[in-house]
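Computed from a predicted model, the values in this text were never measured in an experiment. Numbers here are sequence positions counted from 1. For the numbers below, each heavy atom of this structure counts, side chains included, while hydrogens, waters and symmetry mates do not.
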Amino acid sequence: MALQQLQLSLQFGDVPHAARHRTALPRHKVTRWIRHALALDAEITVRIVGEDEGRALNLSYRKKDHATNVLTFDYTQEPVVVADLVLCAPVVAREAKEQGKTLQAHYAHLLVHGTLHAQGWDHETSAQDAQEMEAYEVDIMADLGFANPY
């Protein structure tokens with residue numbers, strides 16, 4: 001399988017226990033995870049944020065007053081995918097622990113999930129769309145050597 005080209009900006013905001021998150025997100029792995037989920041070349045910024053920034057963004061853009069694990073801001077889907085993926089480190093860490101996953105495995109899944117959203121995939125439109133997106137995520141994660149994230 002030929003992988004798409006990716007221009008990646010990896011940023012860390014004000015994140016508690018930042019070293020732990022930086023260790024889980026080496027640039028070469030983030031690049032690999034995202035490229036496996038791309039159907040087209042892309043320019044993607046990944047920003048890892050703390051709870052305050054995550055909550056403010058979710059409130060501002062989705063009108064939901066809590067931090068969520070990943071927010072996808074897609075700007076173009078063709079001819080090049082251009083998007084920002086914002087992951088809230090405390091939420092990701094909490095979910096990984098609750099789900100019995102490594103922090104790295106959960107980040108990999110959320111980056112794949114967000115990358116699919118950036119390309120128009122949506123699990124909130126119908127049950128069928130949700131099943132198709134989940135199945136595709138499971139396949140991508142398996143290709144990357146990870147267990148079924150669900």
Got a sec, which residues hit side chain to side chain donor-acceptor pair (under 3.5 Å) with [X], two or more places apart in sequence or on another chain?
| X | value |
| --- | --- |
| Q7 | none |
| R62 | N58 |
| S60 | none |
| E43 | none |

Do the side chains of [Y] and [X] get nearer than 4.5 Å, heavy atoms only?
| X | Y | answer |
| --- | --- | --- |
| V92 | L103 | yes |
| L10 | T31 | no |
| H36 | V112 | no |
| I140 | L116 | yes |
| E95 | K101 | no |

Which pairs with one or both residues in residues 58-98 pass ring-ring contact (aromatic ring centres under 6.0 Å, His included), sequence neighbours excluded?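 Qualifying pairs: Y61-F73.
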
Which residues end up grouped with Y150 if you chain together Ile, Leu, Val, Met, Phe, Trp and Tyr wherever their side-chain heavy atoms are less than 4.5 Å apart?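 Once heavy-atom contacts under 4.5 Å are chained together, Y150 belongs with V138.
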
Suppose clustering is done on Ile, Leu, Val, Met, Phe, Trp and Tyr with side-chain heavy atoms closer than 4.5 Å. Which residues sit in the same group as V91?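 ILVMFWY cluster around V91 holds nothing else.
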
Contacts of R32 that satisfy salt bridge (charged side-chain N to carboxylate O under 4.0 Å, His left out) - sequence neighbours left out: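 For R32 there are no salt bridge (charged side-chain N to carboxylate O under 4.0 Å, His left out) partners, ignoring immediate neighbours.
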
Check A89 against V15 and note the closest heavy-atom contact, atom names and distance.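 Where A89 meets V15 most closely, the heavy atoms are CB-CG1, 3.3 Å.
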
A118 versus Q77, closest heavy-atom pair with distance: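 Answer, listing the atom of A118 first, then Q77: O-CG, 3.3 Å.
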
Once you round to the nearest 0.5 Å, how far does [atom1] of [X] lie from [atom2] of [Y]?
| X | Y | atom1 | atom2 | result |
| --- | --- | --- | --- | --- |
| L85 | L71 | CG | CG | 9.5 Å |
| L3 | R35 | CG | CZ | 4.5 Å |
| M141 | H113 | CE | NE2 | 12.0 Å |
| H109 | W33 | NE2 | CH2 | 12.5 Å |
| L87 | F12 | CG | CZ | 10.0 Å |
| D74 | T115 | CG | OG1 | 11.0 Å |

Would a single hydrophobic cluster contain both L8 and V82, if residues Ile, Leu, Val, Met, Phe, Trp and Tyr are joined by side-chain heavy-atom contacts under 4.5 Å?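 Different clusters.
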
So if you build clusters from Ile, Leu, Val, Met, Phe, Trp, Tyr with side-chain heavy-atom gaps below 4.5 Å, do I44 and W121 land together?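 Per the 4.5 Å side-chain linkage, I44 and W121 are co-clustered.
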
List the atom pairs, donor and acceptor, that lie under 3.5 Å between side-chain atoms in residues 48-56 and the rest of the protein, sequence neighbours left out.
unit_1: E53; atom_1: OE1; unit_2: R47; atom_2: NH2; d: 3.2
unit_1: E53; atom_1: OE2; unit_2: R47; atom_2: NE; d: 2.8
unit_1: R55; atom_1: NE; unit_2: D65; atom_2: OD1; d: 2.7
unit_1: R55; atom_1: NH2; unit_2: D65; atom_2: OD1; d: 3.0
unit_1: R55; atom_1: NH2; unit_2: D65; atom_2: OD2; d: 3.0

Without placing hydrogens or testing angles, list every side-chain donor-acceptor pair under 3.5 Å for residues 17-25, not counting sequence neighbours.
unit_1: H21; atom_1: ND1; unit_2: Y107; atom_2: OH; d: 2.7
unit_1: T23; atom_1: OG1; unit_2: A19; atom_2: O; d: 2.8

Identified side-chain contact (heavy atoms from CB on, under 4.5 Å) counterpart of V81 within the set T76, I34, L40: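 Single pass found, and it is L40.
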
Report, as yes or no, whether the 6.0 Å neighbourhood of atom CG on D14 holds more than 12 heavy atoms from other residues, nucleotides or ligands.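 Counting other residues, nucleotides and ligands, CG of D14 stays at 12 neighbours or fewer.
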
Tell me which pairs pass salt bridge (Lys or Arg N to Asp or Glu O under 4.0 Å) where either residue lies in residues 111-138, with sequence neighbours left out.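 Found none.
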
Please list, chain by chain and in numerical order, all residues satisfying side-chain contact (heavy atoms from CB on, under 4.5 Å) with D41, sequence neighbours excluded.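 Only Q4, Q5 meet the side-chain contact (heavy atoms from CB on, under 4.5 Å) criterion with D41.
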
